[in-house]
Each structure stands twice: as structure tokens, then as C-alpha cells.
Number of protein chains: 2
Amino acid sequence: MPRKTGYQTKQKMQLLAFFEAHPDRHITAAALLLELKRQGISIGAATIYRQLEKLEAEGLVRRYALDDRGSACWQYTGGQDGVCRHHFHLKCTECGTLFHLDCGHLNEIAGHVAAEHGFRIDPARTVFYGICEQCRSKSKE
Amino acid sequence: MPRKTGYQTKQKMQLLAFFEAHPDRHITAAALLLELKRQGISIGAATIYRQLEKLEAEGLVRRYALDDRGSACWQYTGGQDGVCRHHFHLKCTECGTLFHLDCGHLNEIAGHVAAEHGFRIDPARTVFYGICEQCRSKSKE
DNA sequence: TTAGATATGATAACAATTATCAATTTCAAT
DNA sequence: ATTGAAATTGATAATTGTTATCATATCTAA
């Protein structure tokens, strides 16, 4: 009979260990590979991508398409009620910083769009693009 | 002395002609290449990418990073007050359809985020991800 | 322990985009 | 119209992020 759960491999657990140690961090697959290798962990790029996909399917990790071009970012959520499940993100197109935006007023808009426009927004997957305060004041100088 | 404006080339004008003929359409570079070739126009892929970049810099065309992976989409805006400059977009992660969302209530949020969170959102560059009505009712069956 | 399912990792394949560069085209000044 | 410098083109190579392949290694229930 087919197995229901995957195997517990060294690499998968080390990946999870990394994420648990950095719960708030958004990281790319490439950076992840570097960090793990730096820790002396033997892991290949293919395994990183495969495991990220599986962890995403299990709801432990979330994928963000942050850049217009460039690579995706991943973040640990630790399950259904993960850190960034309910709020939006802001990404500054100038400096590239990603901000978390947890704001009741904004969170209402998901309800509004569902009710008025028949579209069920996934806040955690949505990123607002724009210019942050720092970059704005810099460009004024 | 160096020139200020670029040269008026056949290809660039044909590209613009296409966009002017399809003002509301979001199209990928690859699809653009196909369409132009279908019209008997001699143009290379590299030129498409280069000209799109230039047209974007001139503010005549706008780039959207629509897919998590996959290719970017482009749309004619015709200058500063282009069609999609002030409203948001919704992208269904199920069927891939892109919806325009012009709604006063939503447009307020840019003001809110600027005032309360010090971040100047660019609505035209921001895409909400979620599930559209059709796909939602389908998945209920 | 052992068998069979599953995971790994090196590498190839892939897709979208960008860089290279010789040949061509544009356009302002003659 | 001719010229010539600057800009553009297009075929192709290179790059980047990601996925597929497949032989080998690992896991785990029996």
C-alpha cells in the first residue's frame, strides 16, 4: 500500500530546523542553500527546491513572488496560523525592503472585495509595491 | 553632441501601432512577437524586449509581473494618465485571469497607507492574488 | 533484515530574459 | 543627395531561476 507521509530525512529536518530558528525571515532558495552549506550541512539545490515545494504543500512554509524578475522568497509559517497568513506585505521598489503590514483597516478590504467584487483575496500572497518613507525622503534631497 | 531622443525605427513604430490598436490588452513579450510576425512584420525577440524597456521608461507602456513564475505582461498606457494607472488588479491563481478593479473604496487604501504607514503604494504595479467567483463555484461542485 | 517506496544530488533541460557584436538604419549636417 | 557618427537591429550566446532525469542512497514497515 502507498505511504501517506513522506520519509523523515536528514535534509528535510535540517531545513525545518533552519526555518524554526528564523521564523520571521524571508529567504530565497539560493540564500538558503548558502546558509545551510555554511553550517556544514550537505544539501543540494534540487533538494532545497523540492523540499520547499513539499513544505508549502504541508502548509509549513509560504512562497512569495517578490521581485518583478529574480527569485521567489520563502518564509516559515509553522502551520495554519502562520505568522504572515493574515496580513499584507509592502515591498519598496527602490531599496527592495519587505515590510509587514498588519492593519485592521486594510484587512477589511479582503472582506469588501469578496462581498462586492466576488473575488476571494489571499492577503498573504499579495504584495503591494511602492516607495517606503526612507527612500522617499532620500529622493527629495 | 549627443542626441536626446532615440531614432524612429520601423520596429518601434510597429510595436506602438500594435499597442494603440489594443489599448486594454495585457500581453507577454512572447505573444507580442508571435502577433507581430503573424502580421508579416519582421522583428526579433531581442528588439521586443529592448523596445518594451524603452517604452516603459518613456511611460507609454507598463510592466506587470503577473505570474509567480512565467513571463511578465505588458500593457499600453499612452502616457502619464494611462488606463491602468490608478486602479488595482486581481489575478486568479486558479484560472490565471486578470481582472481590473476600479473601486473608490479600494482606491482610498493608497491614501490610508501613505498617511498611516508612510508608504506610497503604486496601485498600478500591485496585483492582488486570490480566487475568482467562477473558480470558487466550480471547486464547490 | 529486507524489500519497496521515497529522497538525494549531480547534471541536463528549460524558459524568460539580457548581453554581445557585426551589420544595418537613422538623421543631422554638409 | 551624400556622409558619417550614433542608435538600432537581429541572430546567437550567455545568464538566471527553476524543474526534470536518473542512478544511488536512505528510510521504514513488516
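Reminder, nothing fancy here: chain letters follow the sequence lines and each chain counts from 1. Keep in mind the model is a prediction, meaning the values are calculated, not measured.
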From the list [options], which nucleotide is the closest neighbour of the side chain of [X]?
X     : options                : answer
A:S42 : C:dG9, C:dA16, D:dA7   : C:dG9
A:Q51 : D:dG10, C:dG9, C:dT8   : C:dT8
A:Q8  : D:dT8, D:dT28, C:dA10  : D:dT28
A:A46 : C:dA10, D:dT9, C:dA19  : C:dA10
A:A29 : C:dC27, D:dT12, D:dT18 : D:dT18
B:Q11 : D:dA20, D:dC27, D:dT9  : D:dT9
B:S71 : C:dT17, D:dC27, D:dT9  : C:dT17

Presence of [X] side-chain N/O under 4.0 Å of [N] phosphate oxygens OP1/OP2:
X     : N      : answer
A:K12 : C:dT6  : no
A:T9  : D:dC27 : no
A:K10 : C:dT8  : no

Specify the separation, in whole Å, of atom [atom1] of [X] and atom [atom2] of [N].
X     : N      : atom1 : atom2 : result
A:I43 : C:dA10 : CD1   : C1'   : 14 Å
A:W74 : D:dG17 : CH2   : P     : 15 Å
B:R50 : C:dC21 : CZ    : C1'   : 11 Å
A:I41 : C:dG9  : CD1   : P     : 11 Å
A:L34 : D:dG17 : CG    : P     : 12 Å
A:Y49 : D:dT21 : OH    : C1'   : 17 Å
A:L16 : C:dA7  : CG    : P     : 14 Å
A:L33 : D:dT16 : CG    : P     : 15 Å

Suppose we call two aromatic rings close when their centres sit under 6.0 Å apart. Are B:H22 and B:Y76 close by that rule?
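Centroid distance B:H22-B:Y76: not below 6.0 Å, so no.
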A:H89-A:Y64 aromatic ring centre distance below 6.0 Å:
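Centroid distance A:H89-A:Y64: below 6.0 Å, so yes.
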Flag side-chain contact, heavy atom, 4.5 Å: A:F18 against A:L36
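The answer is yes, as the side chains (C-beta and beyond) meet within the 4.5 Å cut-off.
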Compare all side-chain heavy atoms of A:F88 with those of B:I109 and state whether any distance is below 4.5 angstrom.
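Sidechains of B:I109 and A:F88: no contact.
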Is it true that B:L32 and B:Y49 fall in one hydrophobic cluster, defined by side-chain heavy atoms closer than 4.5 Å?
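B:L32 does not cluster with B:Y49.
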Can a donor-acceptor pair under 3.5 Å be found between the side-chain atoms of A:Y7 and the base atoms of C:dA5?
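In this structure, the two groups form a donor-acceptor pair.
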